[in-house]
Amino acid sequence: MSAAGAPVLVVDALTARPGGRELRRFWRAFVAEHPQVRPPRSRARVAVLFSGAIVSGLGALTAVLGIVSLLTRRQGGTPGEILTAAVVVLLFACALVILGRAAVHTGRRRMWPRQHWALARFAADNGFSYHPGPFPAGLPTRSYRGRLVQIRALRWVTPAGRFIEWSDFEQDWGTSAYRHTQFGGWIRIGLSHPLPRIMLPSAHGDERALAADSELAPSVPPQHEAPSFILDLVAEMNGWEVESIDDVLLMTRSRDVVTTDPAQWSEIIRATAAVVDGLEERERRRED
């Protein structure tokens, strides 16, 4: 597998429109095999998040109207009253943004039967396997905060026996008073020999796609300790972090990886091929 000669994907299923009868037959069998694809919790969660966002928006609007009333009344409002009202507006606005963002992400991530059909067919056409979630993340979770689950995944074992996984994840962490949810995707590639523990942030220096416990977070090594092809990869790729965990090389980003967009799959396969190319060259040199 090389970047220049990356496998030509069969993407017909991603843009196909199956008939209603075929889709219903597929969905019945798919749900019977994967009952987790339509848990009632997902709909309830979206409803609660949207409701919270609406209430926060109404609260912010009410507080703004309160400030206007204070400013326009004859005796005017005291600085303390205006400051208190402004803080309330800010708190409601923050809640609106956080809840609204979580609601949109959760809603978008809930796939419809046709999308499951497309991904299942796409996987079968290309020799991959499709695994709908949610299910516990298949990573060493000791260094990651909170609850880490995979939303869906496609897996492939190359002809050379290398394991590759493309997956979307959800990470939920925090205290009982404050919860934070992060969304993203990864490319997980098996290693024949473990690399030194490294974590290279994206070239953009954005917040980590996967939140790590501060006590156990991997340190960023000096550049000479990281394989050169990985350094080149981070410099060239847009928004990817690279991390080695035991016998796994993990590339993460804050956007989904599993998609029904053929153009995005071409980009992801090229990135995967570039990494595998570098790994195979490094392993050949190691054996010589």
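Every side chain to side chain contact (heavy atoms under 4.5 Å, CB included) that Arg28 has, sequence neighbours left out, goes to Arg24, Arg25. Partners of Glu22 under the salt bridge (charged side-chain N to carboxylate O under 4.0 Å, His left out) rule, at least two apart in sequence or in another chain, are Arg121.
In this structure, Trp166 has its ring center under 6.0 Å from that of Trp265.
Remark: Glu241 CD to Arg253 CZ distance equals 12.0 Å, nearest 0.5 Å. With rounding to the nearest 0.5 angstrom, the OG atom of Ser167 is 10.0 Å from the NE2 atom of His131. Annotation: the span from Thr252 atom OG1 to Trp240 atom CH2 amounts to 8.0 Å, rounded to 0.5 Å. With values rounded to the nearest 0.5 angstrom, Ile164 atom CD1 is found 5.5 Å from Ile189 atom CD1.
A donor-acceptor pair shorter than 3.5 Å cannot be found between the side chains of Thr260 and Gln115.
Asp125 places no side-chain N or O within donor-acceptor distance of the main-chain N or O of Val10, the cut-off being under 3.5 Å. Looking only at distances, a side-chain donor or acceptor of Asp168 sits under 3.5 Å from a matching main-chain atom of Val258. At least one donor-acceptor pair under 3.5 Å links the side chain of Gln36 to the backbone N or O of Pro132.
Contact detail for Ala13 and Trp117: the closest heavy-atom pair is O-CZ3, 3.7 Å.
Applying the salt bridge (charged side-chain N to carboxylate O under 4.0 Å, His left out) test to pairs two or more places apart or on separate chains, those with a residue in residues 181-191 are Glu165-Arg188.
Taking the six-membered ring where tryptophan is involved, the planes of Phe122 and Phe128 are perpendicular, since the angle between them exceeds 60° and thus also 30°.
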